[in-house]
Amino acid sequence: MPPVFALVDCNNFYASCEGVFNPILEGKPIVVLSNNDGCVVARSNEAKALGVRMGVPEFQIRPLLRAHHVQVFSSNYTLYGDMSQRVMETLEQFCPDLEVYSIDEAFLSLVGFAQCDLTEYGRQIRRTVKQWTGIPVSVGIAETKTLAKLANRMAKQTSDTDRVFDMLAYQDREALLNGVAVGEVWEIGPSYARLLTQHGITTALQLREADESWIQRHMGVVGLRVVAELNGHSCLDLEACPAPKQGITCSRAFGRSVSTLAEMEEAVSCYVSRAAEKLRGEGLAATVLTVFIMTNAFTDEPQYRNSVTCELPVGTVSTSELIRAGLKGLRRIYRDGYRYKKAGVMCTALVPADQVQPDLFDRQDHPKSKRLMAALDAINDRWGAGTLDYASNGLTKAWQTQSHHRSPAYTTDWDELPVANA
DNA sequence: TCTGGGGTCCTAGGACCC
DNA sequence: TCTGGGGTCCTAGGACCC
């Protein structure tokens, strides 16, 4: 049976999450900012209508935000992650073959539903998700993932009450693709869009018809795949089980610049702790740790950036071992006399935590360390992040990321439950 | 007068995604 | 003053081997 994909995408996801528990925001312009309250990462329709662009730094549009009383939120990933899970669980009720593609998108394989009215099924999905979670979604349906992505874009252009588009049921495919700029196609980013436009390929239809050897030469196999998918040949399968992660990163810009090794050590120690928590959450152990630091590239100040990679003798999930390695690396690359803006750590060469290759000369008491980490995670999970912390993470954390507009953890903290007023 | 060829592995950088 | 974070995949080129 030929494949059929539906792409379900939450509309303005972060902004919608903020709206769910704060109904007075209905109909108002909302923006959500990235970490450090830096850039706009989500906008409600009303904010889009005001011309607020995606990714724009907040300080550049501050007057506009004020003038139109735009509601501004710091990002609240605890809330968004939980809402995402609710949406995905709802979608599972409609279709067991589901790929969670990102925090706000999922592909569904509708192969077995061919005899249904797929448009109507899409509407049912949309209604149910809205009713159960409060999140509005759009549904795009087509025979490849790339076309389902485009169908989803078209769904977003339909009326507010519909937001479902089934490309399979649409007669004039050529006209449809002719109306799509080449840069709107999945996997065609700014660089490829420029290249294609220079060669006279400006629409999805022209890309579909493009000369394959030219595409192969300039865009490699990725380009060929896009062309095939636009032609209705499915190259990208539904991936129901996510592949194990290849790396785990924790990096963040500082709330203000850091100019002492002591503060940088605190920051790196904190980031390592967070990365180690994520490792344990995924059941993975790291055998390589990379630390990087950098100054603020947006200023004229003297610039410095460097990184160091440490191979760990044995794959580990132990926060203290990783902190030790991270700080040792940091001291190798840290240079006095700079104003640092950002640091980060990456754990790579990951292996399943229960299949760590032992080392003959390893003196660590691993069972003990494992119990310690389990206790640490359990306590922080029960009583809140940071309840138990390493001394090297520092007490004041004066360099920490800013978030001045954070909404409550409505769904994951008893103390922050929303209150319904009669 | 004249510098092999073919294979693998690794890494850095570039492209993309949300 | 203020400019995000976390990922993936592909490719070219160098190192190395026989």
Side-chain angles (χ1 to χ4, degrees), chain A residues 7-14 31-42 53-63 65 72-77 80-81 84 99-107 145-146 149 152 182-196 215-226 229 235-236 239 242-257 271 274-275 278-279 281-282 284 288 290 292 294-301 307 309 311 339 341-350 400-405:
Chain A
L7 176 64
V8 182
D9 183 304
C10 302
N11 302 336
N12 315 328
F13 182 54
Y14 297 169
V31 300
V32 180
L33 303 178
S34 62
N35 268 315
N36 234 5
D37 293 341
C39 298
V40 171
V41 292
R53 282 171 302 118
M54 187 68 169
V56 69
E58 182 268 350
F59 75 91
Q60 287 179 4
I61 53 163
R62 203 165 293 160
L65 298 177
V72 176
F73 291 91
S74 305
S75 38
N76 183 346
Y77 288 103
Y80 311 150
S84 173
E99 173 184 343
V100 177
Y101 177 70
S102 74
I103 193 165
D104 70 338
E105 283 170 78
F107 285 104
K145 283 181 166 180
T146 303
K149 272 273 190 186
N152 195 283
V182 74
E184 319 259 284
V185 176
W186 200 28
E187 287 289 323
I188 305 301
S191 176
Y192 286 152
R194 212 176 316 118
L195 176 78
L196 290 165
I215 294 288
Q216 155 95 68
R217 206 161 46 246
H218 291 91
M219 300 169 65
V221 299
V222 174
L224 286 181
R225 203 165 54 203
V226 173
E229 287 246 322
C235 306
L236 299 164
E239 287 172 38
K245 279 199 190 348
Q246 302 192 357
I248 285 178
T249 302
C250 179
S251 76
R252 230 162 287 283
F254 303 128
R256 58 152 172 80
S257 57
Y271 296 171
R274 181 71 196 110
K278 289 195 211 171
L279 274 177
E282 300 273 339
L284 294 166
V288 173
T290 301
F292 62 89
M294 59 180 78
T295 49
N296 189 347
F298 289 105
T299 68
D300 301 330
E301 296 171 16
S307 68
T309 296
E311 299 226 0
R339 288 156 48 84
K341 185 58 186 168
K342 185 176 178 178
V345 304
M346 291 163 59
C347 297
T348 48
L350 306 180
Q400 223 171 19
T401 294
Q402 310 283 306
S403 37
H404 292 303
H405 316 280

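The structure presented is a predicted model; accordingly, all values stated were derived computationally and were not measured. Within every chain, numbering begins at 1; the chains are lettered A, B, ... in the order of the sequence lines, protein sequences first and strands thereafter.
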May I ask you to say what [X] touches in the nucleic acid, namely base, sugar-phosphate or nothing, with a heavy-atom cut-off under 4.0 Å?
X: A:Ile188; answer: sugar-phosphate
X: A:Ile248; answer: sugar-phosphate
X: A:Gly55; answer: nothing
X: A:Glu105; answer: sugar-phosphate
X: A:Asp104; answer: sugar-phosphate
X: A:Val56; answer: nothing
X: A:Gln246; answer: sugar-phosphate
X: A:Arg256; answer: nothing

Taking only N and O in the side chain of [X], is any of them less than 4.0 Å away from OP1 or OP2 of [N]?
X: A:Lys245; N: C:dT8; value: no
X: A:Ser251; N: C:dG6; value: yes
X: A:Arg225; N: C:dC9; value: no
X: A:Thr249; N: C:dG7; value: yes
X: A:Lys149; N: B:dC17; value: no

**OP:** Send over the distance from A:Phe254 CZ to C:dT3 P, rounded to a whole Å.
**Re:** 13 Å
Original post:
Between atom CD in A:Gln216 and atom C1' in C:dC10, what is the gap in whole Å?
Top reply: 12 Å
Nearest-0.5 Å distance, [atom1] of residue [X] to [atom2] of residue [Y]:
X: A:Arg256; Y: A:Thr401; atom1: CZ; atom2: OG1; answer: 12.0 Å
X: A:Leu224; Y: A:Arg217; atom1: CG; atom2: CZ; answer: 11.5 Å
X: A:Trp186; Y: A:Glu229; atom1: CH2; atom2: CD; answer: 7.0 Å

Subject >> Complement of C:dC18, any strand, by Watson-Crick or G-U distances under 3.5 angstrom >> reply: B:dG5
**OP:** From the options C:dG4, C:dT3, C:dC2, select the nucleotide whose nearest atom is closest to the side chain of A:Arg62.
**Re:** C:dC2
Original post:
Side-chain contact, heavy-atom cut-off 4.5 Å: A:Ser74 with A:Leu33?
Top reply: no
Subject >> Face-on cation placement of A:Lys145 at A:Phe107 ring, 6.0 Å and 45° thresholds >> reply: yes
